[in-house]
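All values below come from the heavy atoms of this structure, side chains included, with hydrogens, waters and symmetry mates left out. A, B, ... follow the sequence lines: proteins, then strands. Residue 1 opens every chain.
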There are 2 protein chains.
Amino acid sequence: MPDSAIRPRKEFGKTIAADITHRLREEIIACALPPGEPLRFDVLRERFGASFTTLREALTALTAEGLVDAQEQRGFRVAPVSRQDLTEVTDARVLIEVELIRRAIERGNDDWEIAVISTLHRLKRIEQRDPEHPLRDPEWKVAHRQFHQALVSACGSATLLAIRAELFDRAERYRHLSANFRPRPRDKAGEHQAIMQAAISRNADLAVQLIETHIRSTSDNVATYAGHLLDTE
Amino acid sequence: MPDSAIRPRKEFGKTIAADITHRLREEIIACALPPGEPLRFDVLRERFGASFTTLREALTALTAEGLVDAQEQRGFRVAPVSRQDLTEVTDARVLIEVELIRRAIERGNDDWEIAVISTLHRLKRIEQRDPEHPLRDPEWKVAHRQFHQALVSACGSATLLAIRAELFDRAERYRHLSANFRPRPRDKAGEHQAIMQAAISRNADLAVQLIETHIRSTSDNVATYAGHLLDTE
DNA sequence: AACGGTATGATTTTCGAAAATATGGTCCAG
DNA sequence: CTGGACCATATTTTCGAAAATCATACCGTT
């Protein structure tokens, strides 16, 4: 289900609707389309060069992912943000991610270990390039996502992985929301390193604790530095 | 997000696409459209009296819910079933439902207690009518769903409730799959009664244990009596 | 007979026009 | 001035035809 986002230039593989869905998702997560923004067909039609129907299909898919809000007979808009929603997403992520980490540590084989180590390695290399503003680097985004994805990939449940991916996207949107206001990033590199070590050494309890802290502190950061954006309805 | 399925006669509220989505979902869950069945537009067009585009939108929504399988450029089909998928759905349900029951018991107020008691009452009345084949009674289906929904409704997280609803639907499809082969229903009435009592008396640990047993034994039943349907790819 | 390539038919996917519905403003009655 | 009904416009939603893509059968070559 996740996308392994290799340069999604033009229509990479298949249907236009799937491509539009992908591009719209990226823009919403990156807050290029801000929360609450009405999504009018005329505008989208021009921006994405697709017809009503195709756009509608994409918007329907994103509605199911919780990134778009459908108001029957009154069109679509980017899903609004709120403190309540941030809390719900955070709690749900903790619940699921903790379970998946446990399972992955229990079941992960050599390939899993390699994936975890190598994705972290790439992430650290990218961070060295611009330690101040990692979130602005699209490559960092991809690498960060892939590291966390690798960590749980061995859990054995495609169903839970799909749910996790959805929640990850929704959380990432909140991260972008606060990116412009956050003074300096905290020591994420160190946290990722510690999580990797706990996972590889099969210390489940420690890994779980680190992951929960990681998720919650990110969420707290958003609430602190983007709180003023979370109050409008 | 859940539907409170009151007689969805004709186009009840709003858009045709939403209506078709609802009807298609019901038919898939009830296995009127069997797992793996190709969903060709000509056929659907005749069956539901809607156009390509509208149907496509409905199928896209159901794909996101895990009830339909989209194969790019090669159309849609009813999501296939498998032992692996049944296991995943069951485990995910236990994980989430257990958490939600805990939260609901902690946060539920008078309205919650009333909802739990009254939905169980209705369920029992319906069961008295035809104790042998409850699953064949569409009213039982609705009442059963509403009881379980009421149990967790006070959890405080719309996000987790939406995920739960999706998993419930997917599990219900498996139940229908085995309904024709199951010799006699086990004592569900007693189980529901016990769950209700544990919840109302705020005995979280007991309620959690009962719910987990309830979910897993249902799943085991399916594996036992519909196992021969779960092996074809 | 086996293989590869191509033409034909079936099916999905996309499009823009047309129908349905909401929005906003104006006018009139109270 | 206020409130409500009505009309005009903006926007969404739906449709069936047209384009794109896939599946299959056919044919010629080895």
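Atom pair R40(B):CZ and dA23(D):C1' shows a separation of 11 Å (rounding to whole Å applied). In this structure, R45(A) places its CZ atom 13 Å from C1' of dT12(D), rounding to the nearest Å. Here the C1' atom of nucleotide dT14(C) and the CD atom of E72(B) are 14 Å apart, to the nearest Å. Across the protein-nucleic acid pair, F41(A) atom CZ and dG16(C) atom C1' stand 14 Å apart, rounded to whole Å. Atom P of nucleotide dG16(C) and atom CG of D42(A) are separated by 13 Å, given to the nearest angstrom. When the P atom of dA19(C) is taken as reference, atom CD1 of I16(B) falls 14 Å away, rounded to whole Å. Atom CG in L39(A) sits about 16 Å away from atom C1' in dT13(D), given to the nearest Å. Rounded to whole angstrom, the span from the CD atom of Q73(A) across to the C1' atom of dA10(D) amounts to 15 Å.
The aromatic rings of H144(B) and H192(B) sit tilted, their planes meeting at an angle between 30° and 60°. Between F168(A) and H148(A), the ring planes lie tilted relative to each other; the angle falls in the 30° to 60° range.
Within 6.0 Å of CZ in R216(A) there are more than 12 heavy atoms belonging to other residues, nucleotides or ligands.
When only modelled atom types and interatomic distance are considered, T159(A) and R170(B) share a side-chain donor-acceptor pair under 3.5 Å.
Near DNA chain D, meaning a heavy atom under 4.0 Å from it, residues 47-63 of chain A has F52(A), T53(A), R56(A) in order of number.
Cation-pi contact between R45(A) and F52(A): present, with separation from the ring centre below 6.0 Å and deviation from the ring axis of at most 45°.
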Acceptor/donor pairs from residues 218-227 of chain B side chains to any protein atom, 3.5 angstrom cut, sequence neighbours excluded:
from    : atom 1 : to      : atom 2 : distance (Å)
T218(B) : OG1    : R186(B) : NH2    : 3.1
T218(B) : OG1    : H214(B) : O      : 2.8
S219(B) : OG     : T90(B)  : OG1    : 3.0
T224(B) : OG1    : D220(B) : O      : 2.9

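Listed pair R74(A) / dT11(D) fails the phosphate criterion, with no side-chain N or O lying under 4.0 Å from OP1 or OP2.
Note on I20(A): nothing from the nucleic acid sits closer than 4.0 angstrom, heavy atoms only.
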